[in-house]
2 protein chains.
Amino acid sequence: MAKVEKKYKYAVIASDVAIFTVKDGELKVLLIEMKKKPFSGMWALPGGLVEVKESVDRAAERQLLVKTGVKNVYLEQLYTFGEVNRDPFGRVVSVAYFALIPGDNIKLKTTKEYADVKWYNISDLPKLAYDHRKIIDVAYHRLQSKLGYTNIVYSLMPREFSLTELQETYEIIKGTNLDKRNFRKKVLSLDLIKKVDKMARGSAHRPASLYSFKNRKYKVIQML
Amino acid sequence: MAKVEKKYKYAVIASDVAIFTVKDGELKVLLIEMKKKPFSGMWALPGGLVEVKESVDRAAERQLLVKTGVKNVYLEQLYTFGEVNRDPFGRVVSVAYFALIPGDNIKLKTTKEYADVKWYNISDLPKLAYDHRKIIDVAYHRLQSKLGYTNIVYSLMPREFSLTELQETYEIIKGTNLDKRNFRKKVLSLDLIKKVDKMARGSAHRPASLYSFKNRKYKVIQML
DNA sequence: GCAAAAGTGTTTAACATACACCCATGG
DNA sequence: CCATGGGTGTATGTTAAACACTTTTGC
């Protein structure tokens, strides 16, 4: 986050993005390691000041693209954090976003500005700069609840997946176990996914049918 | 909204508040009439720039207090509007809030800065400045949906009310009719309200029992 | 005694929940 | 042939929805 002098008469705006994915059976969030004091060695969400010539949404997309190389993924405004002393460099208000990306083939990018970029398990976060711990808590909570009444899982899944993989994604994020038969019944009744003419291969057990989403567009539903 | 020069390198922040009430059988929103060009004669939500020394929440509370004289009412952050050209006076991002107040005894206050302050029916809005029409749409939508899964009605009702008045409040905001028996069964099963030892008086029909909320604290419920 | 709103239960349909066994594959 | 996860149906309980008449008051 660039330096902002206190002499500004009005608060200025940054945008921070909590980027989530599900990988290796865990919900993960993307963090970058900071260099500058007083936060050196601490971790933070990707973010930065909003430029005069770009919208706030656009600034969030830019952060996402620069840090992960992805675009056109699910990105939603989360909440605006406007406490007076949340940033020691000046009066900065943060418009936080959350993004969801599938767990496969994401190559992380770092820059000279930061020491490192990494996925962290949501259950095992390092020490965080600014109020980013709070932002992650709010984002996690929003993700859990939106999973129940929208179809946003589609943005966490690969193109093709088995019903078990889909169920596991729900279980990992909700932190609860679901009944297999009831889950399948519900998902299929919602008419969101279709069977593709393929089976999973290479496992020492009965291969699973693969499915894909009929359309990958945000929709309010009654899931859980 | 004070003038902001375009020379600022970063976007600055304002806060606008959509204040709702239910009165005379209608959902109303509070608007102020603007004097300065290019918006003279148009109406806008109460709002203004966030000062360096106050939080964004605090700025919203201040707007609410200055325009209506009320405090300690329901106030929730709604959404942040960050398009580049939403404000002709400069690069201003608006953190919008929505507030709910009971329909009784609110005295509106105006200031030299504005021509007038008035309640407008949500179904009959005048021409609005900035992107405030959009803000009101989002706020109205949020209000409708939160009514269904939280107890926020309490902030629109007077201390004591009849079940019919409560039902009418829901109907006005939702824009639908509800079944009297089912409504009462549901409301009473939620254990949110208690009968007070009084009856409505002065009407040419059977007097209604009055109720009040057991506690006026935000709570997630399953209402509609 | 009439007009107007208050108050009150039951039946039916839809949906959520609980629960256990056989199937197809790789090794 | 065995270990592993895939796949399937029914019975029960809970909740939502539909629906009409009697009661109490002021005038």
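Side-chain atoms are counted along with the backbone in the values below, which use heavy atoms only and exclude waters and symmetry mates. Convention: sequence-line order gives letters A, B, ...; per-chain numbering from 1. None of the values given here were measured: they were computed from a predicted structure.
When the C1' atom of dT15(D) is taken as reference, atom CG of Leu224(B) falls 14 Å away, rounded to whole Å. Following rounding to the nearest Å, Leu178(A) (CG) and dC19(C) (P) show an atom-to-atom distance of 15 Å. The interatomic distance linking Leu210(B) (CG) with dG7(C) (C1') rounds to 14 Å, in whole Å. In this structure, Lys180(B) places its NZ atom 14 Å from P of dA20(D), rounding to the nearest Å. With rounding to whole Å, Glu165(B) atom CD is found 12 Å from dA5(C) atom C1'. The CZ-P distance, from Arg181(A) to dC21(C), rounds to 10 Å in whole Å. Atom CE in Met223(A) sits roughly 15 Å away from atom P in dC15(C) (whole-Å rounding). We find that CG of Leu166(B) is positioned 18 Å from P of dA5(C), with the value rounded to whole Å.
For the pair Lys118(A) and Glu33(A), the salt-bridge criterion is not met [side-chain N within less than 4.0 Å of a carboxylate O]. At a threshold of 4.0 Å, the pair Lys198(B)-Glu160(B) counts as salt-bridged, since one of the basic side-chain nitrogens sits closer than that to a carboxylate oxygen.
Applying a 4.0 Å cut-off to non-hydrogen atoms, the residues of residues 185-194 of chain B that approach DNA chain D are Lys185(B), Lys186(B), listed by residue number.
Projected onto DNA chain C by closest heavy-atom contact, His205(B) and Asp179(A) fall at different nucleotides, the more 5' of which corresponds to His205(B). Nearest-nucleotide mapping onto DNA chain D: of Met199(B) and Pro207(A), the residue sitting toward the 5' end is Pro207(A).
Between the side chains of Asn121(B) and Lys28(B), at least one donor-acceptor pair of N or O atoms lies under 3.5 Å. With hydrogens and angles left out, the side-chain atoms of Asp57(B) and Tyr97(B) include a donor and acceptor closer than 3.5 Å.
Taking each heavy atom of Glu76(A) and Lys146(A) in turn, the nearest pair found is OE1-NZ, 2.9 Å.
Taking the six-membered ring wherever Trp is involved, the centroid distance between the rings of Phe161(B) and Tyr211(B) does not fall below 6.0 Å.
Closest to the side chain of Arg201(A), from the set dG7(C), dG7(D), dG26(C), is dG26(C). Nearest nucleotide to the side chain of Asn182(A), out of dA18(C), dA17(D), dG26(D): dA18(C). With dG26(D), dT4(D), dA4(C) as the candidates, the nucleotide lying closest to the side chain of Ala204(B) is dG26(D).
Considering only heavy atoms from C-beta on, Asp116(B) stays 4.5 Å or farther from Ile32(B) through its side chain.
Phosphate proximity of dA4(C) to Ser203(B): absent, as no side-chain N or O sits under 4.0 Å from OP1 or OP2. Taking only side-chain nitrogens and oxygens, Thr164(B) never comes nearer than 4.0 Å to OP1 or OP2 of dA5(C).
Not a single donor-acceptor pair, N or O on each side, falls under 3.5 Å between the base of dA3(C) and the side chain of Arg206(B).
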